Amino acid sequence: MIVSREHRFIFVHIFRTAGRSFTKAMKQFGEEEIPGQTHRHHTALEIRDLVGSEFWEESHSFAVIRDPWERLLSQYLYHCQTIREFRARHGQKPTKVARRTQRRMRRFRDFDAFIRWCAIREEVDEWTRHKLTQSDFLFDGSGTLLVDQILRFETLNDDMRTLEGKLGLEIDLPHINYQPHRHYSEYYSDESRELVAEICRHEIEAFGYTWQTRPPDAGSDGIGP
């Protein structure tokens, strides 16, 4: 997350929604760390408690959302990529981060197993926080949307212009964690597709997402930062 007391904005960083790019672009205007923060992926409700209701209400809060089927695939592929990159960089002796990721990912035989794990509600800790839904990040317990502006990953360039107008800032958004892959529909089984529809039912209904099949003339790669 990024909080700016000077420019009065709060960025809620949801996993795999161009958050690293936003952090790099916005940290010149605000702070990456504030008192009480324990990680970069606090929910809107948690951030409001950290900064106080008064500052929250006075600030422009925003977040980026993404097609839930695409986002969860990106989450899985990112963990797999982390392991591969650390192995390549450090030979057969991975770093502590890679070893921890390896231990956690070892329980998942394949992508379907990862999605089945995402469907299990558990107490939130450092690792299980990765399977919070976008609704978990953006809504309170009564179903009220807490942030002022939603930017969509799929229309990010246009939405960025709107954000710049609201904040009165020029924002240069870099492209970080580029991750090419095939269209997400090629990775899902019927079971995992329906599980995501259930897991993310609230955000699918709230933001109008629908399952997309790959267009016949589409290229072989997609972008999955």
Side-chain angles (χ1 to χ4, degrees), residues 1 12-19 39-48 61-83 101 103-147 149-156 159 177 179-215 218 222-225:
M1 69 180 182
V12 180
H13 184 172
I14 302 172
F15 291 101
R16 309 310 297 158
T17 58
H39 44 77
R40 66 169 62 92
H41 296 286
H42 279 289
T43 67
L45 191 60
E46 290 170 339
I47 297 172
R48 188 178 69 179
S61 55
F62 64 96
V64 182
I65 62 170
R66 186 177 189 177
D67 181 301
W69 288 279
E70 172 70 20
R71 192 182 74 87
L72 284 175
L73 172 63
S74 180
Q75 185 77 31
Y76 175 77
L77 294 178
Y78 177 73
H79 291 314
C80 294
Q81 178 184 332
T82 297
I83 295 171
T101 302
R103 287 197 304 271
R104 290 163 172 170
M105 292 295 288
R106 196 174 292 132
R107 73 180 72 175
F108 310 123
R109 181 178 66 256
D110 52 25
F111 180 53
D112 275 23
F114 175 76
I115 294 299
R116 286 193 291 271
W117 172 71
C118 288
I120 301 170
R121 302 299 286 184
E122 301 179 73
E123 183 177 348
V124 177
D125 60 22
E126 177 193 13
W127 176 241
T128 60
R129 181 170 291 270
H130 285 81
K131 61 179 175 177
L132 290 178
T133 67
Q134 294 177 108
S135 291
D136 290 329
F137 275 93
L138 300 175
F139 293 82
D140 65 14
S142 65
T144 300
L145 180 64
L146 297 177
V147 299
Q149 184 181 359
I150 293 293
L151 293 80
R152 291 178 182 264
F153 187 92
E154 299 79 15
T155 56
L156 195 51
D159 293 347
N177 283 347
Q179 190 181 66
H181 59 75
R182 302 186 307 277
H183 187 269
Y184 71 73
S185 61
E186 298 185 36
Y187 294 81
Y188 279 89
S189 66
D190 290 343
E191 177 195 9
S192 56
R193 169 185 170 178
E194 292 305 316
L195 271 176
V196 172
E198 179 58 30
I199 296 166
C200 303
R201 179 178 55 83
H202 183 258
E203 67 196 60
I204 288 170
E205 294 175 354
F207 302 120
Y209 282 107
T210 58
W211 171 263
Q212 301 292 320
T213 56
R214 183 183 177 194
I223 295 177

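Remember, predicted model here, so these are calculated numbers, not experimental data.
Within the 4.5 Å cutoff, no side-chain heavy atoms of Ile14 are placed close to those of Phe153. When side chains are defined from C-beta on, His181 counts as touching Tyr187, because their heavy atoms get closer than 4.5 Å. Arg116 is listed as a side-chain neighbour of Leu195, based on a closest heavy-atom distance under 4.5 Å. Residues Ser61 and Ile47 are not in side-chain contact: their nearest non-hydrogen atoms beyond the backbone lie 4.5 Å or more apart. In this structure, the side chains of Tyr188 and Trp211 come closer than 4.5 Å at one or more pairs of heavy atoms.
For Ala44, the side-chain contact (heavy atoms from CB on, under 4.5 Å) criterion is met by Val12, Trp56, Leu146, Val147, not counting sequence neighbours. With sequence neighbours excluded, no residue forms a ring-ring contact (aromatic ring centres under 6.0 Å, His included) with Tyr209. By the side chain to side chain donor-acceptor pair (under 3.5 Å) test, Glu194 pairs with no residue at all, sequence neighbours left out. Legend: residues meeting salt bridge (charged side-chain N to carboxylate O under 4.0 Å, His left out) with Glu154, ordered by chain and number and at least two apart, are absent. Partners of Arg40 by salt bridge (charged side-chain N to carboxylate O under 4.0 Å, His left out), not counting sequence neighbours: none found. Among residues two or more places apart in sequence or in another chain, the salt bridge (charged side-chain N to carboxylate O under 4.0 Å, His left out) test is passed with Glu46 by Arg129. Evaluation of the side-chain contact (heavy atoms from CB on, under 4.5 Å) rule for Thr155 yields Arg152, Asp159 as partners, not counting sequence neighbours. Under the side chain to side chain donor-acceptor pair (under 3.5 Å) criterion, Asp190 pairs with no residue at all, not counting sequence neighbours. In this view, His42 and His39 satisfy the ring-ring contact (aromatic ring centres under 6.0 Å, His included) rule, not counting sequence neighbours. Listed by chain and residue number, Asp112, Ser192 satisfy the side chain to side chain donor-acceptor pair (under 3.5 Å) test with Ser189 (two or more places apart in sequence, or in another chain).
Although no hydrogens or angles enter the test, the distance criterion places no donor-acceptor pair under 3.5 Å between the side chain of Trp69 and the main chain of Ser185.
In this structure, OG1 in Thr210 is found 7.5 Å from CG in Asp67, a value given to the nearest 0.5 Å. Interatomic distance, CG of Leu72 versus NE2 of His130, reported as 12.0 Å (0.5 Å rounding). To the nearest 0.5 Å, the span separating CZ on Phe111 from SG on Cys80 amounts to 9.5 Å. Rounding to the nearest 0.5 Å gives a distance of 11.0 Å between OH of Tyr76 and SG of Cys118. Atom CZ of Arg16 sits about 10.0 Å away from atom CG of Leu73, to the nearest 0.5 Å.
Across His13 and Met1, no two heavy atoms sit closer than the pair CB-N, 3.7 Å. Shortest non-hydrogen contact noted between Leu138 and Ile150 is CD1-CD1, 3.7 Å. Across all their heavy atoms, Ile115 and Ile199 have their closest contact at O-CD1, 3.8 Å.
Between His79 and Phe114, the ring planes are perpendicular. Angles over 60° get that label, and only those under 30° would be called parallel.
Ser135 and Thr133 share no donor-acceptor pair across their side chains, judged by distance under 3.5 Å alone.
Under the salt bridge (Lys or Arg N to Asp or Glu O under 4.0 Å) criterion, the residue pairs touching residues 131-143 are Arg121-Asp136, Glu122-Lys131, with sequence neighbours excluded.
Here the options are Arg66, Gln134, Arg71, the test is side chain to side chain donor-acceptor pair (under 3.5 Å), and the partner is Glu203; only Gln134 passes.
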